[in-house]
**Q** 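Below: one structure in structure tokens.
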2 protein chains.
Amino acid sequence: MVYGISMSQSDSTTKAANNLHRELARGSAELAVLALLASGRCYGYELLKRVRERGGPMVEIREGTLYPLLHRLEDAGMVASEWVTEGRARPRKYYVISGAGREHLALLAAEWRELIEGIGSLLDHIEEERS
Amino acid sequence: MVYGISMSQSDSTTKAANNLHRELARGSAELAVLALLASGRCYGYELLKRVRERGGPMVEIREGTLYPLLHRLEDAGMVASEWVTEGRARPRKYYVISGAGREHLALLAAEWRELIEGIGSLLDHIEEERS
DNA sequence: CAAGATGCCTTGTTACACAAGGTATTGTGT
DNA sequence: ACACAATACCTTGTGTAACAAGGCATCTTG
């Protein structure tokens, strides 16, 4: 009505409410993957499982997210990859973090801490007002 | 080359490294705005200043981000708006958080805590390996 | 022999963040 | 009087990550 958009309110409301939690975790996939690779080399499918085990419900990574991410990181020189065939198993593409990758991880982790602090201070503020 | 974009690799590398910190903070704008509005009504320009003061360097919000966000929140019923003209000053559009907005804020805050925990457990894990 | 797990990948869609631009008023410095 | 910054709202176009959905191929299990 105000902006002349031909969309019912219930639709936009539902959409907004359902999808928003995805936005919060945006960009965290990169931090998660680099953090895991800092512990040792992994192949893609392995990363998917590890994130699922240790990352909790908000850090889920899908295949359609992970593989393009790994390719971006490799193009940027943050990781290197290597195909490994063990015995009769299917070939796996192992990823290893590079020096630049570790530096970038340190930067990302620092920014992550700053973000936590910033949001935390905004959230703490409501608590004060309400008490 | 890979994506058909006429961009040298050094450019794309630089770009990736520089812009990634924006991705981490993605989606946090909504949480920040709702948190501020939970303390009391605000107008847009005021929100920009408050986030700058209390949000820290990672929670910066630009005008081109804030105003569409407020409109989305209003369309979704999370906030209500009201034009107020005080004396001879320029009219201000005040936003007030709604009941649904508070519920949504609580949900977002809970998800935020889960995200912190998940990423935290992944980051702690490297510390262990390296010690 | 079918179905699921393993393991890699891509294309198309969606949604947000932002740079850049616009409009208009008020206050400040010279 | 005039320029400039601050106030205060807004939009369009571009970039990009996340994802759903799909594909390919092998191995294991019922």
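These numbers come from a predicted model, not from an experiment.
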**Q** Please report, rounded to the nearest Å, how far the C1' atom of C:dT6 is from the CG atom of A:L66.
**A** 14 Å
**Q** If you measure from CH2 on A:W112 to CG on A:L107, what distance do you get to the nearest 0.5 Å?
**A**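 The CG atom of A:L107 is 14.5 Å from CH2 of A:W112, to the nearest 0.5 Å.
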**Q** Would you tell me if any nitrogen or oxygen in the side chain of A:Y43 comes within less than 4.0 Å of OP1 or OP2 on C:dG7?
**A** yes
**Q** How is A:G44 classified with respect to the nucleic acid when contacts are heavy atoms under 4.0 Å: base, sugar-phosphate, or nothing?
**A**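 Answer is sugar-phosphate: A:G44 comes under 4.0 Å of backbone atoms only.
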**Q** Round to a whole Å and report the spacing from CH2 of B:W83 to C1' of D:dA8.
**A**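 Rounding to the nearest Å, CH2 of B:W83 and C1' of D:dA8 are 8 Å apart.
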**Q** Just N and O in the side chain of B:H71: are any of them under 4.0 Å from OP1 or OP2 of D:dC9?
**A** no
**Q** Quick one: list whatever passes side chain to side chain contact (heavy atoms under 4.5 Å, CB included) with A:L36, sequence neighbours left out.
**A** A:L47, A:R50, A:V51, A:R54, B:L122
**Q** For the pair made of CG in B:L48 and P in D:dA8, what is the distance, rounded to whole Å?
**A**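 Distance check: B:L48 CG to D:dA8 P gives 11 Å.
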**Q** Within this structure, what is the CG-to-P distance between B:L69 and C:dC18, rounded to whole angstrom?
**A** 11 Å
**Q** Would you say B:K49 places a side-chain N or O within less than 4.0 Å of OP1 or OP2 belonging to D:dA6?
**A** no
**Q** Side-chain N or O of A:Y67 less than 4.0 angstrom from OP1 or OP2 on C:dC9?
**A** no
**Q** I need the CD1-P distance between A:I61 and D:dA18, as an integer number of Å.
**A**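 Atom-to-atom, A:I61 to D:dA18, this comes out as 8 Å.
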**Q** Considering only side-chain heavy atoms of A:A29, which listed nucleotide, C:dA17, D:dA18, C:dT6, is closest?
**A**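 Given the options C:dA17, D:dA18, C:dT6, the side chain of A:A29 is closest to D:dA18.
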**Q** Could you tell me which residues satisfy side chain to side chain contact (heavy atoms under 4.5 Å, CB included) with B:S98, sequence neighbours excluded, listed by chain and number?
**A** B:A100
**Q** Which value, rounded to the nearest 0.5 Å, describes the distance between B:L73 atom CG and B:H104 atom NE2?
**A** 7.0 Å
**Q** Figure out the CZ/C1' separation between B:R62 and D:dT11, and round it to whole Å.
**A** 18 Å
**Q** Of the candidate nucleotides D:dC9, D:dT16, C:dA5, which contains the atom at the shortest distance from the side chain of B:K93?
**A**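 Nearest nucleotide to the side chain: D:dC9.
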**Q** Only counting residues at least two apart or in another chain, list the ones meeting ring-ring contact (aromatic ring centres under 6.0 Å, His included) with A:Y43.
**A**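 So A:Y43 forms a ring-ring contact (aromatic ring centres under 6.0 Å, His included) with A:Y94.
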**Q** Please determine if a side-chain N or O atom of A:T65 lies less than 4.0 Å away from the OP1 or OP2 oxygen of D:dC19.
**A**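 True: A:T65 side-chain N/O within range (under 4.0 Å) of D:dC19 OP1/OP2.
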**Q** Which letter, B, S or -, goes with each nucleotide of nucleotides 22-30 of chain D from 5' to 3', with contact meaning a protein heavy atom under 4.0 Å?
**A** ----BS---
**Q** Can you pull the ring-ring contact (aromatic ring centres under 6.0 Å, His included) pairs that have at least one residue in residues 44-64 of chain A, sequence neighbours excluded?
**A**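 Qualifying pairs, neighbours excluded: none.
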**Q** Without decimals, in angstroms, what is the distance between A:D75 CG and D:dA17 C1'?
**A**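 Those two atoms, CG and C1', are 15 Å apart.
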**Q** Can you list everything that forms a side chain to side chain contact (heavy atoms under 4.5 Å, CB included) with B:E60? Sequence neighbours excluded, please.
**A** B:R62
**Q** Rounding to a whole Å, what distance do you find between B:L47:CG and D:dA8:P?
**A** 12 Å
